[in-house]
Amino acid sequence: KCSPLTETNTMPSCLTRLLSITLLLLLGGCMSRGIPLASGSGEQPAARALLQQSAEAHGLAAFRQIDDISVAYAGEWYGLVTKIQPTLIDADFRQGSQERIIFKGGPLVGQHHLGPKGSKQVIRRDRDVQVFYNDIPTSDHDGLAAAALVADGYRMFLTGPFYFLDGNLSLALGDDEVVDGRPCATLVAVRRPGHGLSAEDGYRLFIDRDNHLLRRVRFTMEGLASTQGAVAEVDFFDHQKIAGVTWPTRFYERLRKPIPNLPVHDWRLIGLDVNRGLTAADISGPAFSAKAAPPARRID
């Protein structure tokens, strides 16, 4: 695991600008080559069986009994990435969050972020996204695209193999790799649409050979102009079984391309409860309802 960077505000501004320009140039040329896409279409039976095995190891039967979930996160952004991807990171508003996901009839995601400049409310369903800053709606295209990318990404990170049970254009076995010293089988998936406002994204899932838990997901980010061509990955740690489901409770994100192994985000799941009986009305608009608003139940 990587430790947070120190002295993140001491980088000379000229170097920061140079790195930003370099990143943009690299983004234009690398496209999504960081994840070899599965050939053809459809799912290999062996790949589907491995995904199913991982989903069952995470508690698929219990997950299917969950209609809605309330979660809370806290974490730290790394200094350089806040300068080269300010729209995506939105650090002034995203220092901690309460999130609600309604699976029944959904998925529908509501996020309430807080930061030094106030609150950010995101509502994400299908191909639609709404964002409110301090209760005021925004129509900024890049801001909406970034919010959709984040909302879908966090749902993918939290629900792991469940996210990939439906909607794959293709799913194939990849080469085995080692993640944090643990041998992992890999799956290579293509989804159309991808996450966020992307028409298509590629993914590589790293599944523990021993206990079949998802240890890492690597992915493209084609849904935002400033991240097109980039490849990132998130590692999952400190799993806990809550409501019959084995969830990761610590997440660490790094960039793979265009800047290899650049630290992005280290965050923790600090609260989780299920089945409050939420409806779309509870998490739509600029604020959560009285039923949705109480913080997610704290976890150890």
Side-chain angles (χ1 to χ4, degrees), residues 55 58-74 93-94 96-114 119-133 135 137-138 143-168 191 193-198 201 214 217 223 234 236 240-249 251 267-299:
H58 278 269
L60 177 60
F63 179 76
R64 285 176 168 160
Q65 302 304 310
I66 296 176
D67 293 332
D68 63 79
I69 185 170
S70 300
V71 297
Y73 296 107
F93 292 90
R94 291 182 56 212
S97 67
Q98 291 281 336
E99 305 194 12
R100 311 291 179 256
I101 307 174
I102 298 175
F103 297 105
K104 186 176 182 179
L108 171 65
V109 178
Q111 298 176 316
H112 181 71
H113 303 287
L114 288 174
S119 67
K120 177 181 182 179
Q121 195 84 5
V122 177
I123 303 98
R124 172 72 171 141
R125 168 181 269 172
D126 297 327
R127 305 301 286 170
D128 182 59
V129 60
Q130 295 175 279
V131 177
F132 298 82
Y133 285 102
D135 299 337
T138 181
L144 292 170
L149 184 65
V150 169
D152 289 358
Y154 271 56
R155 180 167 66 89
M156 173 173 62
F157 305 147
L158 181 66
T159 60
F162 308 141
Y163 183 88
F164 293 91
L165 287 175
D166 301 299
N168 302 317
R191 293 172 67 85
H195 58 290
L197 303 184
S198 170
D201 276 306
L214 183 64
V217 62
V234 171
F236 308 106
Q240 288 192 35
K241 192 170 187 177
I242 304 170
V245 176
T246 299
W247 312 91
T249 65
F251 309 79
W267 76 101
R268 296 162 301 283
L269 178 69
I270 60 173
L272 186 152
D273 60 76
V274 304
N275 290 341
R276 293 190 184 185
L278 301 178
T279 67
D282 289 311
I283 62 175
S284 299
F288 289 152
S289 73
K291 183 187 291 186
R297 184 178 298 118
R298 189 85 182 183
I299 64 175

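Small disclaimer: the values here were computed from a predicted structure and weren't measured.
- Looking only at distances, no side-chain donor or acceptor of Arg268 sits under 3.5 Å from a matching main-chain atom of Phe251.
- Between Leu108 and Ile283 the shortest side-chain heavy-atom distance falls below 4.5 Å.
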Verdict with reasoning, Gln98 to His112, per side chain to side chain donor-acceptor pair (under 3.5 Å)
CA-CA 5 Å; Gln98 291 281 336; His112 181 71; over 6 Å; no

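- Put simply, the side chain of Asn275 gets close to the backbone of Asp67: a donor and an acceptor are under 3.5 Å apart.
- With respect to the salt-bridge test (charged N to carboxylate O, under 4.0 angstrom), the residues Arg124 and Asp152 qualify.
- A distance of 10.5 Å separates OG1 of Thr138 from CZ of Phe132, quoted to the nearest 0.5 Å.
- Between the side chain of Asp68 and the backbone N or O of Arg276 there is at least one donor-acceptor pair closer than 3.5 Å.
- Counting heavy atoms from C-beta outward, Lys120 and Tyr133 have side chains that approach closer than 4.5 Å.
- For the pair Leu278 and Ser70, the tightest heavy-atom approach, listed with the atom from each and the gap, is CD1-OG, 4.1 Å.
- Taking Thr246 as the reference, nothing meets the side-chain hydrogen bond (donor to acceptor under 3.5 Å, both in side chains) condition, with sequence neighbours excluded.
- Rounded to the nearest 0.5 angstrom, Gln130 CD and Leu144 CG are separated by 9.0 Å.
- Note that the CG atom of Asp282 and the CD1 atom of Ile102 stand 6.5 Å from one another [nearest 0.5 Å].
- Under the 3.5 Å distance criterion, the side-chain polar atoms of Asp128 are left unmatched by any main-chain donor or acceptor of Arg125.
- Looking at Phe103 and Ile66, their side chains come closer than 4.5 Å, going by heavy atoms from C-beta outward.
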List the atom pairs, with distances to 0.1 Å, where a side-chain N or O of residues 153-167 and a protein N or O form a donor-acceptor pair under 3.5 Å, not counting sequence neighbours.
from: Tyr154; atom 1: OH; to: Arg94; atom 2: NH2; distance (Å): 3.4
from: Tyr154; atom 1: OH; to: His265; atom 2: ND1; distance (Å): 3.4
from: Thr159; atom 1: OG1; to: Arg155; atom 2: O; distance (Å): 2.6

